[in-house]
Amino acid sequence: MSIYDSLNEQQREAVFNTEGPLLILAGAGSGKTRVLTHRIAYLIEEKKVNPWNILAITFTNKAAQEMRERVDRLAGGDAGSVWVSTFHSACVRILRRHIDRLGFENNFTIYDTDDQKSLIKDICTRLNVDTRVYKEKALMSQISRAKDELITPDQMETNGAGDYNVRKVAAVYREYQAQLCRNNALDFDDLIGKTVELFQNCGDVLESWQHRFRYIMVDEYQDTNTAQFRLVSLLASRYENLCVVGDDDQSIYSFRGANIGNILGFERVFPNARVIRLEQNYRSTQNILNAANEVISNNTERKPKRLWTENEEGSRVQFRQFANGFEEAEYVVGDIAAARREGRCRYGDCAVLYRTNAQSRLFEEKCLLANIPYRIIGGVNFYARKEIKDLLCYLKTVDNARDDLAVRRIINVPKRGIGAATIAKIQDYAELMNISFYDAVRVAEEIPSLGRSLGKINQFAEFIQMLRSKAEHYSVRELLEEIIDLTGYVTELKAEDTDEARSRIENIDELISKTVSYQEAMEEMGRQVTLSGFLEEIALVADIDSVEDGQDYVLFMTLHSAKGLEFPRVYLAGMDDGIFPGSLSIFSDNPSDMEEERRLCYVGITRAEKELTLTSARQRLVRGENRFYKVSRFVEEIPRELVDLGRKITEKKPKLENVISAKSSYGQMKISFRPTPLEKKDFKVTKADSLDYGVGDTVRHVKFGVGVVKNIVEGGRDYEVTVEFDRAGVKKMFAGFAKLKKIQD
DNA sequence: CGTAAAACTTTTTTT
DNA sequence: AAGTTTTACG
């Protein structure tokens, strides 16, 4: 009896095939993490490979943590020195040791999206690039894509063949890189790119790491980009013990440069590669799996395959369409509450998935109302909040004073009377003398025409110097508390005495706790606690990383965040054409965009173990305006017999089947999917699905004449509309009675 | 220099 | 609707 007996034949083959390149095509829920962990255990226990020589790359820190725990359980303490980490953390670890070879200091700062944006903005003003024509975001993504493909500014310019726009972007890109270097900072893409550069420029460094990592495994291989592929190829080129695991059907990050060719072309790059397919699903019921198979079969750019399972058939996939987003949220939250009340699930078994973060708001409101414990993953990053960024920029300044961005952010926070004009003068001087912003601050006496500001600047410089000297013997927590104390940051917030200020203070308290838990975690692992380390961890965490199993709250997140997770009960909300698939992909002239959306849908469906509910709404409030939506084409792609529309089975079912079996043309499908849910049935007579007028519209009433709609409140039975009439004054009435007519302007 | 009001923009998804 | 950026004024 061994730990490998519990694996199926293909899984065992994947585990035992330890030498040479190996591609594991692992369908959703086919136990790929089990394979990877068992493979690592097998290498250590049976093949007597030194754990030190094994590298496993995962997609998120959470996945890394989980894998680490599972390997520890299988292989015991031996596994401690296996490297399990994400691409980004692995690269940071390597760069912290060697980046001086590329002209950076080893305590470099990592720039997040906000930092990148403000840097780009600065550069645009300096280079006289109009950010109305060249949007910062667009520039950022073009630069990022170039880096994903390991394209330098020079190459970009050459490839552009004189195109004016490309030359402009290349110029910004070139300056952006120069600024990063001056600030001793790297962005996310550079973490990968600079590591590749390091390996390509420094043969000795590459060689040492090649020997170190004799066995390399890469999870979620379908989401690697060209730079990551190059990195792995370089590392693995000595021993070629490279095992990659992926599923082309789950490739959902092409917007981030993921190159699906990496998985589709693996056998071309490594002609002696073995390919193993894992097609048995252990996660979902047959109904759910069939639905997923049918949806994904509409894609053409894929390796044909069909997952199967020995699991039970399970209940049908539930689909409900609602009048609007509010009712959708109400239903989902209510359904969860009911299921849990009846003992059919815990809160923690439920996850609600949607296409965009903005969709989380309605659900949050309903959960608060219903007193249901929940957690929203993603959205505005904790570390992106103003108060947190301010304090972090103090820490960054102490850690790396070459980070101009950080210094400029805090030089007048809290208010020190150093205004924009003064900052510009310091900036000009720094550029003139080719020194950093902070160095210019320290020699402020030499800057002409600073006037009264000079004293304030000197005070600021002294303050930072004092912090820097304290940092030597302070813990991160002590340093942070010292900063909070001496700047009076929290004192100032307390004085405000608003809810907002209180919540900011709470956030700051949480930041302090994070310094403590960081210190504890590092000490536990026997690693050194450094300020750079803390800042780096913060830069590289994703919200999803902090989700632990066994907590009892409902999870809300995007489909992207849900990748790699599974839940007994899954709700896919916002199944509307225009929401999911998003309108961008619908109107795109590149069919691949729609295929990627469909893969995302496949990922969503396959997260579900037992129960899957899809919901949509006819009408939604999007960015302040009402929009109408048809049911998502992905819903239509699920065979009718797998779907439960939630009607009363007794009376409606025969009729329904007539409609459905007639033909599956799009128009008829719409009819079959029209029913409103059971719960609302009683109200259906009186309550309109939606009103054809809204607040602010001019309407006519039979008796009161013309007026302007002031307010609309949704009651149980009807909409209560408040109208200010030109003659009759303000009246409240029920929409069903009032028969208001909208008047065109 | 700092604040408040007004105008303008936003369209995925994330390490 | 909400967030950010610009503008006006004290």
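Below, read A as the first sequence line, B as the second, and so on, with proteins coming before strands; counting in each chain starts at 1.
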Touch check for A/Ala421, heavy atoms < 4.0 angstrom, all strands: base, sugar-phosphate only, or nothing?
-> sugar-phosphate
Can you tell me how far C1' of B/dT10 sits from CG of A/Leu621, to the nearest Å?
-> 15 Å
Check whether any side-chain N or O of A/Lys135 sits under 4.0 Å from OP1 or OP2 of B/dT10, and answer yes or no.
-> yes
Under a 3.5 Å cut-off on both pairing distances, which runs of 3 or more consecutive Watson-Crick or G-U pairs involve DNA chain B?
-> B:1-10 with C:1-10
Could you state the CD1-P distance from A/Ile586 to B/dT11, rounded to the nearest angstrom?
-> 18 Å
Is the shortest side-chain N to carboxylate O distance from A/Lys32 to A/Glu220 below 4.0 Å?
-> yes
Is A/Leu235 close to A/Phe199 at the side-chain level, that is, under 4.5 Å between some pair of heavy atoms?
-> yes
Could you work out which one of B/dG2, B/dT15, B/dT11 sits closest to the side chain of A/Asn412?
-> B/dG2
Any side-chain N or O of A/Arg416 under 4.0 Å from OP1/OP2 of B/dC1?
-> no
Aromatic A/Phe382 / basic A/Lys514 pairing, under 6.0 angstrom, 45° off normal = yes
Between A/Glu596 and A/Arg599, is there a side-chain N and carboxylate O pair less than 4.0 Å apart?
-> yes
Counting just side-chain N and O atoms, does A/Asn381 come under 4.0 Å of either OP1 or OP2 of B/dT15?
-> no
Would you indicate, yes or no, if C/dT5 has its OP1 or OP2 atom less than 4.0 angstrom from a side-chain nitrogen or oxygen of A/Lys121?
-> yes
In whole angstrom, what separates A/Gln222's CD from B/dT13's C1'?
-> 15 Å
Sugar-phosphate only, base, or nothing, as touched by A/Phe580 at under 4.0 Å among non-hydrogen atoms = nothing
Using a cut-off of 4.0 Å on non-hydrogen atoms, how would the nucleic acid contact of A/Thr422 be classed: base, sugar-phosphate, or nothing?
-> sugar-phosphate
For A/Glu597, which contact category applies under a 4.0 Å heavy-atom criterion: base, sugar-phosphate, or nothing?
-> base
Taking the side chain of A/Lys415 as heavy atoms from C-beta outward, which of B/dG2, B/dT14, B/dT15 is closest to it?
-> B/dG2
Determine the contact category for A/Ser561: base if any of its heavy atoms lies under 4.0 Å from a base atom, sugar-phosphate if only primed atoms, P, OP1 or OP2 are that close, otherwise nothing.
-> sugar-phosphate
Could you tell me the separation between the CE atom of A/Met575 and the P atom of B/dT12, rounded to a whole number of Å?
-> 20 Å
Between B/dT11, B/dT15, B/dT12, which one does the side chain of A/Ser583 approach most closely?
-> B/dT11
Ignoring backbone atoms, establish whether A/Thr558 has a side-chain N or O less than 4.0 Å from OP1 or OP2 of B/dT14.
-> yes
To the nearest angstrom, the NE2-P distance between A/His560 and B/dT13 comes to 9 Å
A/Glu597 with A/Arg355: basic N within carboxylate O range, under 4.0 Å = yes
Toward the 5' end of DNA chain B, which comes first, A/Lys456 or A/Ile377, by nearest nucleotide?
-> A/Lys456
With the side chain of A/Ala542 defined as its heavy atoms from C-beta on, choose the nearest nucleotide among C/dA1, C/dT5, B/dT15.
-> B/dT15
Basic-acidic side-chain contact under 4.0 Å: A/Asp577, A/Lys630 = no
Which is true for A/Lys137 with a 4.0 Å heavy-atom rule: it touches a base, it touches only sugar-phosphate, or it touches nothing?
-> sugar-phosphate
Nearest-nucleotide check on DNA chain B, A/Ala420 vs A/Asn61; residue mapping nearer the 5' end is A/Ala420
Distance test, side-chain N/O of A/Asn357 to OP1/OP2 of B/dT13, below 4.0 Å | yes
Is there a donor N/O on one and an acceptor N/O on the other, under 3.5 Å, for the side chain of A/Arg623 and the base of B/dT11?
-> yes
Indicate the ring-plane relationship of A/Phe580 and A/Phe634, choosing parallel, tilted or perpendicular according to the 30° and 60° boundaries.
-> perpendicular
Nearest to side-chain heavy atoms of A/Arg627, which nucleotide of B/dT12, B/dT11, B/dT15 | B/dT11
Among the nucleotides B/dT3, B/dT14, B/dT12, whichever has the atom closest to the side chain of A/Arg256 is B/dT14
May I ask you to decide whether A/Lys389 forms a salt bridge with A/Asp112, counting only side-chain N to carboxylate O separations under 4.0 Å?
-> yes
CZ of A/Arg230: more than 12 outside heavy atoms within 6.0 angstrom?
-> no
Can you check the A/Asp189 CG to B/dT14 C1' distance for me, whole Å?
-> 11 Å
C1' atom, B/dT11 versus C/dT6: distance in rounded Å?
-> 23 Å
Name the nucleic acid region contacted by A/Gly417, choosing base, sugar-phosphate or nothing; use a 4.0 angstrom heavy-atom cut-off, strictly under.
-> sugar-phosphate
Ring geometry between A/Phe255 and A/His560 (parallel below 30°, tilted from 30 to 60°, perpendicular above 60°) = perpendicular
From the candidates B/dT11, B/dT15, B/dT13, the one with an atom nearest any side-chain atom of A/Thr86 is B/dT15
Phosphate-side-chain proximity, A/Thr60 and B/dT14, N/O vs OP1/OP2 below 4.0 Å | no
